[in-house]
Amino acid sequence: MAVPTASKQTEPLADFLHILRQRKAIILVIASLVLVTTVIITAVLPRYYLATARVRVEKPEGEVKLFEAQSRSIYDPYFLQDQFRIMQSPKILYPVIENLGLNERIATILKSESTLPNDLVYAYLVGKMLRLETPRNSSLIEIRVFAREATLAAEVANEIARVYSEDRIDFATSSQREGLAQLRQELTTQERNVAAQRDTVERLRNDLNLAGVDLSARYSDMEIETLRQMQNSLIALRVDAIGRKTRWDRFQSILPDDRINLVNSELIQDANIQNLLQAYFVADQNISRLRSRLGDAHPDLVAAVGNVVKIREQLDGQLRGYEQALEIAYKEADARVAELERQLEEAKVSQILSARDRLRPFEDAVQRLDEETRLAATLRMTLRQREIDFQVPKRTMEILNAAETPRRPAKPNWTINLGFALMFGCVLGVGVAMLIEYLDTSFRSVTDVETRLKLPVLGVIPFARAGPSTDPAAAEPFRVLHANLNLTGGSGNRPLVLAVLSAGPGEGKSTTLHQLALVTAAAGERVLLIDGDLRRPTQHALAARPRFPGLSDVLTGKVTAAAAIQKGLAPGLDFMPSGGVSGFTLGMLHAGRLREIITELRGSYDKVLIDSPPIIGVSDAAVLATCVDGLVLLIQHRRNPQAMVLRAQHIIESLKTPLLGVVLNQVPQGSGEDYDYYTGNYAYYREDDRKAAPRAAAPVKEEGAERIRLG
């Protein structure tokens with residue numbers, strides 16, 4: 001049982017390959033048309049040149065922090081996606097447009113009469129020219145620019161890299177510049193405080209007449225030491241409050257819509273916000289992927305958009321909360337400074353009320369001057385350190401290689417276009433072949449004919465090209481047909497009158513009947529070939545004989561049947577042409593006379609073969625069919641639909657004349673398994689006939705030549 005199953009499973013593949021073999025001409029024509037069309041289109045398409053500049057981008061080192069070490073960033077794919085958007089933003093491309101004068105140059109390329117505005121040039125640059133790519137797991141970005149001018153492509157790529165590099169450096173140092181400005185402002189304020197406090201000390205010195213008092217003297221009692229510690233703590237708290245106020249002011253200066261771009265920088269180091277941003281980018285990518293293949297009203301796309309909106313609301317809420325946290329932290333630090341100042345003032349008041357009340361104001365002023373001086377020195381040293389850090393070159397971006405002027409166009413790509421055209425043409429050709437096969441309702445095999453028509457197949461005539469054939473075995477299919485007709489049509493020596501007809505014109509009926517007559521005569525029978533197709537006769541042309549007198553002349557009484565017969569068409573074969581009466585139609589009035597003619601001829605011939613017009617659309621065939629002993633239906637391979645052949649069969653059956661069988665004509669080699677049985681056997685015996693042909697050449701030379709000439 002396993003063998004039949006495997007056979008059934010391979011049948012679809014065998015059928016498919018068989019269809020490809022049969023329709024290979026269509027497939028080749030369609031593939032050739034697609035390929036030629038692609039060649040023509042590719043030849044006329046405008047040429048685009050590709051220039052590529054490669055840059056390496058790193059995350060910025062972070063914001064300026066007064067008393068904290070800075071850390072370097074690591075590879076972040078979401079950061080690179082942000083850089084893609086930045087490179088394609090008007091912030092970068094508008095300067096490129098202005099620097100290169102792209103308004104006029106692109107207007108010239110597009111053959112515009114006026115200079116294009118920046119927005120149209122920007123749209124053309126992003127949509128047609130600029131492509132950004134990055135290798136997997138890499139910080140490299142390839143700036144790919146397509147242009148119709150080779151020099152323009154290289155200039156645009158290099159200018160984008162340059163402008164973007166300046167923007168990256170400016171972004172990397174913007175926070176440091178703001179921090180330095182804040183430090184300079186605080187230092188200036190502190191120096192004014194030191195100068196004011198020094199004036200206060202001098203005023204108290206003069207008021208208390210303390211000239212000669214050592215201002216550096218310190219008291220060792222517990223209260224003085226406590227005041228000193230509180231003062232040092234106050235200085236530290238003030239510095240911390242300044243740092244917190246700087247971060248809060250910096251965050252407030254950034255627009256809410258731009259804060260999302262700082263989540264990956266060191267200004268915001270909240271892990272929850274980082275995770276929420278990654279979820280937002282993933283959801284945004286999911287929307288882009290769904291929108292490319294789904295409609296806007298698709299539930300999945302609607303759900304994805306809702307998810308992005310929800311995540312963005314959560315992210316905005318987190319950023320607002322982060323801003324409030326910065327404000328609260330600053331206010332807490334400021335409150336601690338105020339509280340410590342209050343406590344320090346209370347301690348000073350207590351100290352002033354001591355035994356040294358007179359010197360206490362002066363000492364406090366001196367101590368305050370010392371504090372202000374130390375704070376000013378700390379700010380000055382911090383400012384100097386940050387200025388040195390600011391002067392160090394920033395390497396947040398590196399141009400690895402500049403774009404070079406391309407030598408040959410990158411688009412259109414002949415290799416890709418022709419390869420795709422060849423593949424598409426083959427697929428289209430196979431599809432058309434399968435569609436034609438699906439729509440083809442003609443008979444495809446001997447089995448189909450015998451199953452649908454319930455008639456035996458008397459012969460299968462292989463496909464033969466026009467022109468003479470030197471093959472002596474070319475008549476083998478007609479010998480098979482002759483033998484089957486003898487076995488089917490009658491027995492003994494009873495004469496047999498046969499008519500060969502077809503459903504429609506042009507199926508090779510006349511040629512097949514002519515060859516059958518030659519083979520029948522060569523077999524030793526006396527044969528009369530009558531051209532019964534009075535409207536479009538063919539047999540006189542195949543026999544190279546005159547058309548008249550003939551059958552129409554006999555039916556009209558102009559000549560006798562004996563006078564219309566042309567003797568010696570071949571040994572044992574006579575011929576009655578159609579006749580010379582123009583516009584003659586074989587009607588029921590002529591049926592009786594036709595029967596008399598056929599009865600008269602029966603005694604002189606073993607077989608009378610009549611060429612009939614098509615049964616569908618011509619009334620002559622129906623009249624002719626009622627006057628013969630038997631009919632043979634000829635079907636040309638894959639010419640007419642099955643419904644047409646079935647209709648012809650029904651018409652023949654209604655005439656009550658026996659339909660002996662079917663002849664399949666013009667069957668190509670390899671048309672199917674059952675066809676191959678016939679054509680394969682013909683080829684096999686043809687080899688034997690070729691070997692025997694030289695020995696039999698002399699006796700049958702004249703007959704073979706005549707057969708070739710007539711065939």
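Reckoned from all heavy atoms, side chains included, excluding hydrogens, waters and symmetry mates.
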Quiz prompt | Any pair counted as salt bridge (Lys or Arg N to Asp or Glu O under 4.0 Å), so long as it reaches residues 654-667, sequence neighbours left out | solution =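 Sorted pair list comes back empty.
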Quiz item: With a 3.5 Å cut-off and no angle check, do the side chains of Gln636 and Asn665 form a donor-acceptor pair?
Solution: no
Quiz item: Any side-chain donor-acceptor pair under 3.5 Å between Asn417 and Thr38?
Solution: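 Not at all, the side chains of Asn417 and Thr38 share no donor-acceptor pair under 3.5 Å.
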Exercise. Kindly give the heavy-atom pair with the smallest separation between Pro406 and Ala51, and that separation in Å.
Key: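 Answer, listing the atom of Pro406 first, then Ala51: CD-CB, 4.3 Å.
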Quiz prompt | Where Leu594 and Cys627 come nearest, the two heavy atoms and their spacing | solution =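 Minimum heavy-atom contact is CD2-SG, 3.8 Å.
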Practice problem: Starting from the C-alpha separation in whole Å, work towards a yes-or-no answer on side chain to side chain contact (heavy atoms under 4.5 Å, CB included) for Val628 and Leu631. | Solution: CA-CA 7 Å; Val628 299; Leu631 300 172; 3.5 Å; yes
For the [atom1] atom of [X] and the [atom2] atom of [Y], what is their distance to the nearest 0.5 Å?
{"X": "Ser612", "Y": "Leu634", "atom1": "OG", "atom2": "CG", "value": "11.5 Å"}
{"X": "Leu496", "Y": "Asn486", "atom1": "CG", "atom2": "CG", "value": "8.0 Å"}
{"X": "Asp533", "Y": "Ile610", "atom1": "CG", "atom2": "CD1", "value": "12.5 Å"}
{"X": "Leu586", "Y": "Leu551", "atom1": "CG", "atom2": "CG", "value": "7.0 Å"}
{"X": "Ile530", "Y": "Tyr605", "atom1": "CD1", "atom2": "OH", "value": "8.5 Å"}
{"X": "Thr512", "Y": "Leu516", "atom1": "OG1", "atom2": "CG", "value": "8.5 Å"}

Just checking [X]: does its [atom1] atom have more than 12 heavy atoms from other residues, nucleotides or ligands closer to it than 6.0 angstrom?
{"X": "Arg131", "atom1": "CZ", "answer": "yes"}
{"X": "Arg407", "atom1": "CZ", "answer": "no"}
{"X": "Gln285", "atom1": "CD", "answer": "yes"}
{"X": "Arg639", "atom1": "CZ", "answer": "yes"}

Quiz item: Are the charged groups of Lys509 and Glu507 less than 4.0 angstrom apart, N to O?
Solution: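 Between Glu507 and Lys509 there is no salt bridge, as every charged N stays at least 4.0 Å from the carboxylate O atoms.
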Quiz item: Which residues pass the side chain to side chain contact (heavy atoms under 4.5 Å, CB included) test with Gln566, sequence neighbours left out?
Solution: Arg545, Pro546, Phe575, Pro577
Quiz item: Does NZ or CZ of Lys128 lie under 6.0 Å from the centre of the six-membered ring of Phe146, at an angle within 45° of the ring axis?
Solution: no
Practice problem: Please lay out, stage by stage, how Met87 and Ile141 fare under the test side chain to side chain contact (heavy atoms under 4.5 Å, CB included). | Solution: CA-CA 10 Å; Met87 281 188 180; Ile141 295 179; 3.9 Å; yes
Quiz item: Per the side chain to side chain contact (heavy atoms under 4.5 Å, CB included) rule, which among Leu569, Val519, Thr538, Leu573 passes with His514?
Solution: Leu569
Quiz item: Ile652 and Thr657: side chain to side chain contact (heavy atoms under 4.5 Å, CB included), yes or no, with the steps?
Solution: CA-CA 7 Å; Ile652 295 172; Thr657 301; 5.7 Å; no
Self-check item: Steps toward side chain to side chain contact (heavy atoms under 4.5 Å, CB included) verdict (Val305, Ile287)
Solution: CA-CA 7 Å; Val305 172; Ile287 289 177; 3.9 Å; yes
Quiz item: Is there side-chain contact between Arg289 and Asn286, with heavy atoms separated by less than 4.5 Å?
Solution: yes
Quiz item: Would a 4.5 Å heavy-atom cut-off, applied to side chains only, mark Leu130 and Gln88 as touching?
Solution: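 The answer is yes; the side chains approach within 4.5 Å.
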Quiz item: Do the side chain of Ser578 and the main chain of Asp531 share a donor and acceptor less than 3.5 angstrom apart?
Solution: no
Exercise. Could you tell me whether a side-chain N or O of Asp606 sits under 3.5 Å from a main-chain N or O of Arg526, the two making a donor and an acceptor?
Key: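 Yes.
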